[in-house]
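Quick note on labels: first sequence line is chain A, next is B, and so on, each numbered from 1. Please read these numbers as outputs of a predicted model, since none were measured by experiment.
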Protein chains: 4
Amino acid sequence: MASVNKVILIGNLGKDPEVRHLEGGVAVARFPIATSETFKDKQGQRQERTEWHNIVLWRGLAEVAEKYLKKGNPVYIEGRLRTNNYQDKDGIQRYSTEIVADQMTMLGSRSDNGNGGGGNYQESSGSNSGANYSTSAPAGGNSGGASSFQNDEPDDLPF
Amino acid sequence: MASVNKVILIGNLGKDPEVRHLEGGVAVARFPIATSETFKDKQGQRQERTEWHNIVLWRGLAEVAEKYLKKGNPVYIEGRLRTNNYQDKDGIQRYSTEIVADQMTMLGSRSDNGNGGGGNYQESSGSNSGANYSTSAPAGGNSGGASSFQNDEPDDLPF
Amino acid sequence: MASVNKVILIGNLGKDPEVRHLEGGVAVARFPIATSETFKDKQGQRQERTEWHNIVLWRGLAEVAEKYLKKGNPVYIEGRLRTNNYQDKDGIQRYSTEIVADQMTMLGSRSDNGNGGGGNYQESSGSNSGANYSTSAPAGGNSGGASSFQNDEPDDLPF
Amino acid sequence: MASVNKVILIGNLGKDPEVRHLEGGVAVARFPIATSETFKDKQGQRQERTEWHNIVLWRGLAEVAEKYLKKGNPVYIEGRLRTNNYQDKDGIQRYSTEIVADQMTMLGSRSDNGNGGGGNYQESSGSNSGANYSTSAPAGGNSGGASSFQNDEPDDLPF
DNA sequence: TTTT
DNA sequence: TTTT
């Protein structure tokens with residue numbers, strides 16, 4: 001059966017994004033976000049548990065993160081789970097689970113992030129590859145242009 | 001095949017909640033929230049379209065809404081779609097689609113909603129009915145107690 | 001604050017898709033899907049309530065629906081809520097809420113839909129407009145090519 | 001800001017569930033599910049990548065899994081991410097990310113899972129603890145009774 | 001108007 | 001280790 005792999009998170013950045021610009025101009029950003037839940041333990045005491053999530057953004061989303069996101073900012077992230085395995089420096093097999101973002105929305109008011117209180121950003125999809133990705137999400141600057149939505153349909157159709 | 005009916009919204013209240021207290025002490029709150037998306041029209045002009053969603057909350061969630069939510073506040077709502085049909089005053093059959101909330105999270109900073117920047121609230125579930133619902137989400141006041149999470153499992157199990 | 005408008009449904013088609021091919025080659029498909037939930041009423045009797053959702057798909061998704069979906073088939077739909085208002089033939093203002101699909105996944109085994117048990121399909125996004133949309137989701141036929149995922153990133157990067 | 005931690009998966013069980021019954025009668029079930037996505041590599045070749053997710057279910061959900069789920073079965077899982085760290089037998093610090101399920105829906109037709117094609121199951125929530133949890137999700141058998149929904153509201157209210 |  |  002076909003499958004679905006979707007994650008939806010709202011949390012705050014634990015660090016500023018780390019951004020790498022790969023050969024070919026592709027950007028990758030990474031940062032952790034925290035979510036926390038409170039619950040009562042057996043003694044009825046309120047407890048809090050914080051969960052940390054490793055977020056990865058590519059291309060346009062990475063560039064938006066680089067420009068606008070800072071430690072502490074609240075974000076909405078929609079993406080998919082991905083577990084990588086690798087050998088650490090001691091040759092030990094390790095696993096690392098991250099969330100590859102498809103969509104990122106900046107939450108919070110002006111005072112939270114100094115950017116006017118929000119914006120939606122989205123991974124490109126379809127067969128866009130390398131070169132022409134820059135069309136749908138300009139590599140060189142997102143001066144408004146990257147706030148694109150997935151609104152492809154003609155908006156003035158007669159129904 | 002079994003089914004899923006889930007809605008996830010982040011938006012701002014268009015009005016203060018309207019709250020009714022039914023006989024039996026059950027509370028119901030209703031308010032609209034707006035989401036907006038921007039897109040480019042055929043002329044490449046940036047356009048915005050706002051969508052309005054009718055939110056319905058029951059019991060504990062309704063009481064939280066009554067106490068803490070105001071017009072303009074940003075919220076995260078998770079719920080399910082429900083379309084009611086009814087006859088209006090002229091006897092005309094009409095349809096109305098609303099989102100019945102299962103979970104509500106107040107977003108925004110202190111300055112947004114004057115309540116300290118957030119809180120998660122959740123519908124009770126299971127076979128709780130009438131009387132003992134009040135245990136899991138007291139009808140008479142949610143002074144902290146309603147910030148319950150769905151953390152049922154013992155937290156100190158050995159794995 | 002930026003907003004989110006997301007719907008996730010799993011249900012069965014109540015009818016075969018109705019597909020229109022607009023001038024310009026754009027396809028639009030519509031069909032209802034049913035979700036149902038069971039609950040116990042006050043007398044402890046098991047009750048079932050069925051909800052009907054109006055699904056709209058555009059372009060490539062519409063073409064996939066046209067080719068592969070039939071009444072009764074189970075589908076996973078991810079999309080956004082949209083409420084249209086219009087005047088009916090008697091000049092009465094009416095509202096209609098539909099789910100505009102961004103993603104569609106056919107569920108069920110071979111015996112359910114006669115197509116091999118699944119497939120993921122996704123709306124294109126970004127600033128693709130008119131002409132070059134056909135690249136990412138060919139208008140003239142989805143012979144396998146429309147099973148595209150939102151996997152844009154190079155897959156062999158060193159991390 | 002308040003947070004959200006939500007995962008939605010549709011996939012197939014890689015193994016039969018492993019179920020433990022803890023002292024106190026609490027059940028825990030674990031199993032991996034696979035999701036897969038296809039994409040085109042740089043050479044335009046269709047590639048498939050499978051992701052494995054560790055699912056954990058508690059109490060009633062665990063018991064349903066024990067009774068009805070088998071290797072290969074398709075399921076819908078809704079839950080939250082949780083990363084545990086622990087020392088392995090060599091004293092090495094390791095991390096393991098799992099999805100703690102809040103909701104589980106069996107997908108597939110009769111032929112897929114031999115149980116009649118579906119059913120929705122849900123974690124209890126609220127302040128149910130120990131003893132009275134068994135009310136909402138009987139430990140001793142889910143003979144139909146566990147198919148509970150989160151439908152708490154009176155269903156015959158005048159709106 | 002679906003599915004169980 | 002699943003499914004197609």
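In this structure, OH of D:Tyr76 is placed 20 Å from C1' of F:dT2, rounded to the nearest angstrom. Atom pair C:Phe31:CZ and E:dT1:P shows a separation of 18 Å (rounding to whole Å applied). Between C:His53 atom NE2 and E:dT2 atom P there is a gap of 15 Å when expressed in whole angstrom units. For D:Leu69 and F:dT1, the CG to P distance is 20 Å, given to the nearest whole Å. Taking atom CG of D:Leu107 as the reference point, atom P of E:dT3 lies 16 Å away to the nearest angstrom. With rounding to whole Å, D:Leu9 atom CG is found 21 Å from F:dT1 atom P. Here E:dT2 presents its C1' atom at 8 Å from CG of C:Leu13, a figure rounded to the nearest Å. The distance from atom CD1 of D:Ile33 to atom P of F:dT4 is 15 Å, rounded to the nearest whole Å.
Of the candidates F:dT3, E:dT2, F:dT1, F:dT3 carries the atom nearest the D:Ser36 side chain, counting heavy atoms from C-beta on. The side chain of D:Lys15 lies closest to F:dT1, out of F:dT2, E:dT2, F:dT1. Comparing atom distances between the D:Lys71 side chain and each of E:dT1, F:dT1, E:dT2 picks out F:dT1 as nearest.
With the nearest nucleotide of DNA chain F identified for both D:Glu48 and D:Asn54, D:Asn54 has the one nearer the 5' end.
Among the atoms of the strands shown, base atoms are found under 4.0 Å from some heavy atom of C:Thr50.
Between the C:Asn5 side chain and the C:Leu81 main chain, a donor and an acceptor come within less than 3.5 Å of each other. D:Asp88 contributes a side-chain N or O that, together with a main-chain N or O of D:Asp90, makes up a donor-acceptor pair within less than 3.5 Å.
Comment: A:Arg80 does not engage D:Glu51 in a salt bridge, judged by the lack of any side-chain N to carboxylate O separation of less than 4.0 angstrom.
Using a 3.5 Å distance cut-off with no hydrogens or angles, the side chains of C:Glu98 and C:Asn84 do pair a donor with an acceptor.
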